[in-house]
Number of protein chains: 2
Amino acid sequence: MAPKLPSTSRSLPIALIRAREGVMLPIRDMLGETGITEQQWRVLRVLSEYGRLDAKTLADRSSLLFPSLTRIATTLRGKGLITQERDDVDRRRQFIEITAAGQKIIDDNAGHSAQIVAEFKAKLGAEDYETLLDLLARLDPNSPD
Amino acid sequence: MAPKLPSTSRSLPIALIRAREGVMLPIRDMLGETGITEQQWRVLRVLSEYGRLDAKTLADRSSLLFPSLTRIATTLRGKGLITQERDDVDRRRQFIEITAAGQKIIDDNAGHSAQIVAEFKAKLGAEDYETLLDLLARLDPNSPD
DNA sequence: TGATATACCTTAACATGTTAATACTTGTGA
DNA sequence: TCACAAGTATTAACATGTTAAGGTATATCA
């Protein structure tokens with residue numbers, strides 16, 4: 001007989017999708033008013049936190065594949081939220097930096113965003129919240145483990 | 001001053017994305033050989049577990065939005081893996097059922113799939129694995145809580 | 001140095017995520 | 001019964017996920 005699969009209601013991939021849905025819901029609501037997407041927000045967040053970055057590092061820290069980043073960067077540049085320039089030393093590489101307009105979007109939404117985070121922390125309880133982050137980190141393909 | 005956002009390295013949305021990446025990696029490898037996508041696999045899994053379903057219920061249990069399901073159903077029907085038929089009583093509704101060919105894909109991959117699940121369970125430890133599923137369920141927007 | 005491998009980035013092609021608009025069917029209430 | 005609300009499904013439009021192919025720049029090594 002066929003090996004048994006876990007019920008889809010207890011499947012880890014599906015649980016991850018649903019949890020993500022739940023977490024992104026209020027965040028998407030917030031971003032809807034700013035006109036940028038969740039991924040664009042992520043890129044701006046990373047640039048705001050780390051400053052000027054080469055594209056490869058930016059892609060890693062934003063958890064985006066390179067083709068996605070290429071498209072998103074084009075969009076963000078079009079909106080005047082980032083600047084891009086080639087590395088003069090190694091002309092294969094490219095540096096990306098957030099603009100004042102981009103930083104303003106971060107600043108304008110930081111309060112609301114922090115509040116959303118706080119609500120999830122309260123919903124789970126601070127301890128379970130940290131436990132969850134730790135467990136998720138152990139599934140990260142790039143985790144040291 | 002602007003409220004502080006958590007470092008992106010400790011962000012719940014990003015942690016969920018990365019965990020999902022890690023979990024899906026071996027599953028995508030497996031599915032690559034069958035020619036179906038992760039979402040198509042999910043639909044077949046649900047149909048195999050619950051039998052004939054109306055589209056709305058199928059979408060819910062597969063965690064897919066309706067427009068996605070419409071496209072995926074078209075693809076799966078084209079591959080002969082599911083059948084679709086209108087409800088004669090309520091002609092708004094539609095029933096979807098897995099075919100023998102679809103079930104064969106499930107059966108052929110159930111062993112490998114179960115092994116992947118077992119490896120993640122071993123990686124985290126059975127107890128932490130269950131804890132993770134419970135915590136994720138609490139973020140599910142459709143969870144009772 | 002010159003062929004080849006690598007590295008970084010872009011483009012292409014297809015599938016899905018997401019929101020909004022549309023079409024069709026059924027239910028409701030005046 | 002007739003206008004209108006609500007339910008079900010599709011289509012459209014745009015953004016992203018994913019894999020593969022292509023293009024340019026740098027490194028490596030015989």
Side-chain angles (χ1 to χ4, degrees), chain A residues 13-14 16-18 20-43 53-60 62-79 81 84-96 141, chain B residues 13-14 16-18 20-43 53-60 62-79 81 84-96 141:
Chain A
I14 291 184
L16 287 167
I17 291 174
R18 293 189 175 154
R20 193 169 145 58
E21 262 179 59
V23 170
M24 291 317 300
L25 214 65
I27 297 180
R28 262 203 296 275
D29 286 346
M30 172 186 84
L31 293 177
E33 300 166 9
T34 73
I36 68 174
T37 67
E38 171 207 333
Q39 288 82 356
Q40 293 166 17
W41 167 255
R42 220 155 68 212
V43 167
L53 288 179
D54 68 277
K56 187 175 198 57
T57 305
L58 176 56
D60 283 347
S62 308
S63 282
L64 289 171
L65 295 178
F66 233 110
S68 294
L69 180 59
T70 295
R71 284 177 304 210
I72 291 170
T74 302
T75 302
L76 289 176
R77 187 155 29 84
K79 294 183 177 182
L81 304 181
Q84 277 174 290
E85 55 177 314
R86 289 230 156 276
D87 180 346
D88 285 328
V89 178
D90 183 343
R91 301 184 47 73
R92 287 172 302 188
R93 301 204 305 161
Q94 170 189 158
F95 286 107
I96 299 183
Chain B
I14 291 184
L16 287 167
I17 290 173
R18 291 188 176 154
R20 193 170 145 58
E21 264 178 56
V23 170
M24 291 318 300
L25 215 65
I27 296 179
R28 263 204 295 276
D29 285 346
M30 173 186 84
L31 292 177
E33 302 167 7
T34 74
I36 68 174
T37 68
E38 171 206 335
Q39 289 81 354
Q40 293 166 17
W41 167 256
R42 219 154 69 212
V43 168
L53 288 179
D54 68 278
K56 189 176 197 57
T57 306
L58 176 56
D60 282 347
S62 308
S63 282
L64 289 170
L65 295 179
F66 232 109
S68 295
L69 180 59
T70 295
R71 285 177 303 211
I72 291 171
T74 301
T75 302
L76 290 176
R77 188 155 28 85
K79 293 183 177 183
L81 305 180
Q84 276 173 291
E85 56 177 313
R86 288 231 157 276
D87 181 346
D88 285 328
V89 178
D90 183 342
R91 300 185 46 73
R92 287 172 302 189
R93 300 203 307 161
Q94 168 188 158
F95 286 107
I96 300 182

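Atom set for the values below is all heavy atoms of this structure, side chains included, hydrogens, waters and symmetry mates excluded. No experiment lies behind these values; they were computed from the predicted model shown. Sequence lines set the chain letters: A, B, ... in the order given, protein chains first and strands last, and positions in each chain run from 1.
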>> Rounded at 0.5 Å granularity, tell me how far OG1 in A:T75 sits from CD in A:Q40.
In response: 5.5 Å
>> So, taking the atom named CZ in A:R42 and the one named CD1 in A:I27, what distance separates them when rounded to the nearest 0.5 Å?
In response: 10.0 Å
Tell me: [atom1] of [X] to [atom2] of [N], nearest whole Å?
X	N	atom1	atom2	result
B:D54	D:dT10	CG	P	12 Å
B:D60	D:dT8	CG	P	10 Å
B:R86	C:dT26	CZ	C1'	13 Å
A:I36	D:dA15	CD1	P	13 Å
A:D88	C:dC8	CG	P	17 Å
B:I27	D:dT19	CD1	C1'	18 Å
B:E85	D:dA9	CD	P	13 Å
A:D87	D:dA27	CG	C1'	15 Å

> Do A:R20 and A:E38 sit within salt-bridge range, that is, some charged N less than 4.0 Å from a carboxylate O?
Replying inline: yes
> Is it true that A:D54 and A:K56 make a salt bridge, defined as a side-chain N closer than 4.0 Å to a carboxylate O?
Replying inline: no
> How about B:S63 and A:R18: does a side-chain donor come under 3.5 Å of a side-chain acceptor?
Replying inline: yes
> Can a donor-acceptor pair be found between the side chains of A:D60 and A:T57 at a distance below 3.5 Å?
Replying inline: no
>> So does A:T70 get a backbone contact from the side chain of A:T74, meaning a donor-acceptor N/O pair under 3.5 Å?
In response: yes
> Just by distance, do the side chain of A:S62 and the backbone of A:A59 share a donor-acceptor pair under 3.5 Å?
Replying inline: no
Where do N or O atoms of nucleotides 16-18 of chain D meet protein N or O atoms at under 3.5 Å, pair by pair?
from   : atom 1 : to    : atom 2 : distance (Å)
D:dT16 : OP1    : A:T37 : OG1    : 3.0
D:dT16 : OP1    : A:Q40 : NE2    : 3.3
D:dT16 : O3'    : A:Q39 : NE2    : 3.0
D:dG17 : OP2    : A:S68 : OG     : 2.7
D:dG17 : N7     : A:R71 : NH2    : 2.8
D:dG17 : O6     : A:R71 : NH1    : 3.2
D:dT18 : OP1    : B:R28 : NH1    : 3.0

>> Do B:F95 and B:D87 have side chains that approach each other closer than 4.5 Å (heavy atoms only, starting at C-beta)?
In response: yes
>> Near DNA chain C, counting only heavy atoms under 4.0 Å, which residues of residues 89-96 of chain B show up?
In response: B:V89, B:D90, B:R91, B:R92
